[in-house]
Student: 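If you scroll down you'll find the structure; I have some questions about it.
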Number of protein chains: 2
Amino acid sequence: MLETERHQMIIDALKNKNTVKLQELVELTNSSESTIRRDLTQLEEGKFLKRVHGGAARLQGKLQEPSMTEKSSKNLQAKRVIAQYAAGLVEEGDCIYLDAGSTVLEMIPFLPSTIVVVTNGLMHANELLDKKIKTFLIGGNIKPTTKAMIGRGALESLTHYRFDKCFMGVNGIHPQLGFTTPDQEEAMIKQEAISLSREAFVLADETKFSEISFAKIADLHAATILTNELDVETKEQYGSKTKIKVVTS
Amino acid sequence: MLETERHQMIIDALKNKNTVKLQELVELTNSSESTIRRDLTQLEEGKFLKRVHGGAARLQGKLQEPSMTEKSSKNLQAKRVIAQYAAGLVEEGDCIYLDAGSTVLEMIPFLPSTIVVVTNGLMHANELLDKKIKTFLIGGNIKPTTKAMIGRGALESLTHYRFDKCFMGVNGIHPQLGFTTPDQEEAMIKQEAISLSREAFVLADETKFSEISFAKIADLHAATILTNELDVETKEQYGSKTKIKVVTS
DNA sequence: CAAAAATCAATCAAAAACTTTCAATAACAT
DNA sequence: ATGTTATTGAAAGTTTTTGATTGATTTTTG
């Protein structure tokens with residue numbers, strides 16, 4: 001989504017200030033008003049800022065970390081659709097686990113606020129607090145790239161909880177090899193979360209199907225897969241035992 | 001909601017004062033009375049301030065505990081001085097505990113990067129990661145006002161670690177009653193952190209002396225106090241056993 | 001308590017900012 | 001090269017914001 005050098009300049013201009021005037025951006029980037037307006041419209045769609053009369057304002061929940069933003073720009077629309085559906089599965093009073101990951105992050109705006117959430121994502125915790133949701137963060141070592149809690153401490157913290165439902169992303173879904181992810185430690189956490197939940201949901205856009213990553217999380221029957229599109233031949237590879245819900249917008 | 005530069009200026013004007021006159025804002029922002037009135041109406045709807053006859057007043061929703069942002073605006077200079085000195089006490093290779101709190105937060109820019117840090121502050125963890133410092137966050141319930149981890153989980157997470165040094169803020173320092181803070185749960189965490197550390201340091205500007213808050217953390221001899229200024233008669237109330245280091249900038 | 005002063009809400013025309021549209025230029029693939 | 005697409009800047013008309021004016025309301029003063 002941060003396609004041009006201008007986009008980056010605009011984001012940077014908001015790093016230190018809460019608001020920036022359109023005219024300032026025109027001078028800063030040496031482009032016309034029209035161009036800046038178009039940029040602002042795009043950046044607003046990508047949730048990088050909010051347009052206001054006279055310029056742009058920084059979003060309150062600042063999810064503008066470089067590692068995460070790259071991910072969240074891809075298939076963003078699909079992720080939103082899946083995330084919104086997943087959030088709809090959560091009922092008031094539920095106690096749920098949210099795994100760190102960009103798709104799950106998109107669920108948060110749509111969650112009801114009378115729930116209890118346990119998460120291992122630092123950014124997720126921040127977003128949840130902004131929504132005034134009662135939030136627990138499991139302890140442990142912080143993985144810098146994704147700001148997820150991992151390690152022995154995280155695993156042990158988890159065991160103190162039980163969940164009605166858990167939601168997570170994965171990197172690979174394969175008929176025989178099940179759910180996989182690149183990080184061994186994250187895999188262990190996801191595995192534990194599933195086993196502590198009455199119901200488990202995997203949020204996955206169509207690019208994850210038939211992929212295989214390094215560390216196995218669980219077999220396919222352990223969770224219900226929520227996806228946006230799935231062509232027929234891919235779907236046939238998965239037996240009828242596998243629970244797949246195709247979400248249409 | 002903070003959409004324009006003016007809105008920001010109005011909020012800032014209330015940062016240091018309790019009330020601000022409409023006429024002051026007119027001069028400060030070079031806009032008309034009408035405009036300021038409209039701004040105040042909007043900002044009141046957004047719960048940023050309260051309109052009063054003649055201007056606007058800061059709203060004091062929270063009884064005892066000022067929010068992190070409010071806190072960090074007061075005595076900022078003194079805090080920086082203390083924080084920078086405290087950070088200088090940390091040696092490369094150390095394993096330290098940083099308690100949630102605005103003064104401790106100011107230490108982070110000055111810390112060496114070859115250390116290991118355990119903290120219960122969500123914001124602190126984020127800052128530490130930006131400095132590429134190896135960071136552990138203890139688990140538990142998140143207190144929305146300060147974004148600090150508290151509760152049973154936090155206390156238990158802590159016990160898995162041992163520290164060379166720990167650093168924390170307090171709300172009250174009293175010759176007989178020791179260190180105190182308004183939140184019982186936070187007090188327990190601070191207490192535990194001290195007992196797990198070879199050396200403990202309390203960062204406190206002069207306003208904390210002879211104050212008493214609700215929950216006791218520890219006796220004065222449990223930690224070394226780092227402060228900026230201390231008049232002689234106050235100092236005499238504390239016995240020679242109490243370790244106080246007065247930091248000069 | 002009543003008059004005076006100050007502050008406020010409502011209204012309206014001017015100014016500023018916005019959206020839409022379109023032609024010109026730049027980047028791209030054929 | 002040639003046609004196609006995407007990006008840009010300018011000009012049109014529309015909407016929002018602004019500041020001055022009005023009279024109503026509140027606070028202060030005598």
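Quick note on labels: first sequence line is chain A, next is B, and so on, each numbered from 1. This is a predicted model, so every value here is computed, not measured.
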Student: Where is the tightest heavy-atom contact between B/Ala78 and B/Asn228, given as atom of each residue plus distance?
Tutor: CB-ND2, 3.2 Å
Student: Side chains of B/Gln84 and B/Glu106: closer than 4.5 Å at any heavy-atom pair?
Tutor: no
Student: Check the distance between D/dT18's C1' and B/Glu3's CD and give it to me in whole angstrom.
Tutor: 16 Å
Student: Measure the NE2-CG distance between B/His7 and B/Leu40 for me, rounded to the nearest 0.5 Å.
Tutor: 8.5 Å
Student: May I ask you to say what B/Val52 touches in the nucleic acid, namely base, sugar-phosphate or nothing, with a heavy-atom cut-off under 4.0 Å?
Tutor: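 Here B/Val52 touches the backbone only, sparing every base.
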Student: Assign each of B/Gln23 and A/Arg37 to its nearest nucleotide of DNA chain C by heavy atoms, then name whichever residue's nucleotide is nearer the 5' end.
Tutor: B/Gln23
Student: Should B/Asn126 and A/Lys147 be marked as a side-chain hydrogen bond (donor to acceptor under 3.5 Å, both in side chains) after you check the CA-CA gap, both sets of side-chain angles, and the distance that decides it?
Tutor: CA-CA 8 Å; B/Asn126 272 317; A/Lys147 301 207 172 173; 3.0 Å; yes
Student: Closest approach of B/Val52 and B/Ala57, non-hydrogen atoms and distance?
Tutor: CG1-CB, 4.0 Å
Student: Of A/Leu105, A/Leu111, A/Ile115, which is the lone residue that meets side chain to side chain contact (heavy atoms under 4.5 Å, CB included) with A/Leu128?
Tutor: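 Only match with A/Leu128 under side chain to side chain contact (heavy atoms under 4.5 Å, CB included): A/Leu111.
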Student: According to a strict under-4.0 Å criterion, is A/Ser32 in side-chain N/O contact with OP1 or OP2 of D/dT8?
Tutor: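 Answer is no, no contact under 4.0 Å.
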Student: Mapping B/Glu33 and B/Arg38 onto DNA chain C by nearest heavy atom, which one lands closer to the 5' end?
Tutor: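 Checking each residue's closest nucleotide, the 5'-ward one belongs to B/Glu33.
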Student: Is there a ring pair (Phe, Tyr, Trp, His ring centres under 6.0 Å) between A/Phe209 and A/Tyr238? Walk through the geometry before answering.
Tutor: CA-CA 10 Å; A/Phe209 282 90; A/Tyr238 297 82; 5.7 Å; yes
Student: Just how far is it from atom CG of A/Asn120 to atom CE of A/Met149, taken to the nearest 0.5 Å?
Tutor: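 It comes to 8.0 Å.
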Student: How close or far is atom P of D/dT18 from atom CG of B/Asn30, stated in whole angstroms?
Tutor: 14 Å
Student: Taking all non-hydrogen atoms of both residues, which atom of B/Ile108 and which atom of B/Leu98 are closest, and how far apart?
Tutor: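 Answer, listing the atom of B/Ile108 first, then B/Leu98: CG1-CD1, 4.2 Å.
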Student: Tell me the interatomic distance from B/Asp39, atom CG, to D/dT18, atom P, rounded to whole angstroms.
Tutor: 7 Å
Student: Between the two ends of the helix from C/dC1-D/dG30 to C/dT30-D/dA1, what is the bend in degrees, rounded to 10 degrees, where each end axis spans five pairs?
Tutor: 40°
Student: At the 4.0 Å heavy-atom cut-off to chain A, mark where contacts on DNA chain C begin and end, going 5' to 3'.
Tutor: C/dA17 to C/dT19
Student: State whether B/Thr35 places a side-chain N or O below 4.0 Å from either non-bridging phosphate oxygen (OP1 or OP2) of D/dG19.
Tutor: yes
